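Following: one structure in structure tokens, then a few remarks.
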Amino acid sequence: MKNPVLKIAAVHDLSGFGRCSFSVILPTLSAMGHQVCPLPTASLSTHTGGYTGFVFRDLTPDMEGWWRHWQKEGVEFDAFYSGFLGNAEQIDITLDMIDSLPRDTLIFVDPVMGDDGVLYSTYTEEMREGMKRLVRCADVITPNITEAAFLLDKKPKSSYTEDELYEIARSLTELCSGDVVITGVESPDGVGAVWMGKDKKLCRYIHEKHEKSYPGTGDIFASVLLGKLLKGDSLDTSVKCACDFIYSVVGYSKQFDYPTREGVLLEARLSELID
Ligand code: PXL
């Protein structure tokens with residue numbers, strides 16, 4: 001009988017504390033029944049949002065050898081998932097990995113670059129150009145609204161008309177030729193995601209806005225979306241499930257008094273993701 005557990009090659013950083021990147025990607029996708037195979041780009045004692053003085057090790061020199069070893073061992077992946085990348089060389093290495101994969105591998109790119117209208121401090125112009133090349137290879141991309149603007153060389157704004165959102169999503173489907181899911185889109189009724197698939201129809205799913213925001217929710221959103229798509233769910237169902245989960249876990253976490261920089265209380269809500 002065929003092994004039912006799908007394998008995902010995941011290229012992200014490891015932040016030891018603060019619930020970002022692998023700290024949330026691994027439990028989320030495992031709860032959904034998938035195997036995450038981590039290829040770490042860097043190790044940090046914490047994420048970079050809200051902490052200073054963190055211990056940081058750049059793992060760029062190990063990335064190609066790590067990938068070659070998997071290839072030599074004949075490991076076959078059902079999906080490839082990239083996120084926060086530390087420098088322009090890591091983007092080129094990630095592109096080479098994607099190039100070496102069979103055509104039917106699902107390429108899922110979360111083009112992590114910034115939030116709230118600004119690029120993360122580690123992001124350079126060269127990396128932004130590299131990220132545009134990376135999204136071109138993707139079957140699914142999940143920029144937040146700030147990253148969507150940066151990918152299209154536009155200045156981020158705090159609100160967008162329906163026509164502007166349509167144009168952003170359509171331009172991104174041309175850039176990546178896959179499905180585009182844009183998160184953190186504000187509207188008078190709340191906040192949520194808009195998405196556009198092959199039919200070029202703009203869809204939207206909104207929840208009322210929680211007054212607190214936490215780091216790492218973009219990583220959890222992308223992981224739930226990927227997990228659902230790999231189970232064979234439609235793009236619409238998968239996006240709605242990811243939005244519902246984020247709404248639920250933020251709503252749960254905000255009742256408790258602890259520093260938001262520690263991220264959402266994922267461990268307490270993971271069971272919602274188990275079939
Ligand atoms: O969740 C995005 C992310 C990933 N990795 C690191 C980060 C951040 C956001 O701040 O600092 C190290």
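Both ligands and their constituent atoms are indexed starting at 1 by order of listing. Since the structure is predicted, the reported quantities are computational estimates derived from the model, not experimental observations. Position 1 is the first residue of the sequence, and the numbers go up from there.
- Looking from atom 3 (C) of ligand 1 to the surrounding protein, the closest heavy atom is F84 CD1, 3.7 Å.
- For the pair S15 and ligand 1, the shortest N or O to N or O distance does not fall below 3.5 Å.
- Both tests pass for K157 against the ring of Y160: distance under 6.0 Å to the centre and angle within 45° of the axis.
- In this structure, the protein non-hydrogen atom closest to atom 12 (C) of ligand 1 is D13 OD2, 3.4 Å.
- The six-membered or imidazole ring of Y247 lies near that of H210, with a centre-to-centre distance under 6.0 Å.
- The six-membered or imidazole ring of H12 lies near that of Y81, with a centre-to-centre distance under 6.0 Å.
- Here T48 has heavy atoms under 4.0 Å from ligand 1 in both its backbone and its side chain.
- By the 6.0 Å and 45° rule, R128 does not stack over the aromatic ring of F150.
- Ligand 1 does not have P215 within reach: every non-hydrogen atom of the residue lies 4.0 Å or more from it.
- Residue H47 has no N or O atom closer than 3.5 Å to an N or O atom of ligand 1.
- Salt bridge annotation for E76-K7: absent, with no cationic side-chain nitrogen under 4.0 angstrom from a carboxylate oxygen.
- If you check which protein heavy atom lies closest to atom 1 (O) of ligand 1, you get D219 OD2, 2.7 Å.
- At least one heavy atom of S21 sits closer than 4.0 Å to an atom of ligand 1.
- Summarising the local packing, NZ of K132 is surrounded by more than 12 heavy atoms from other residues, nucleotides or ligands at distances under 6.0 Å.
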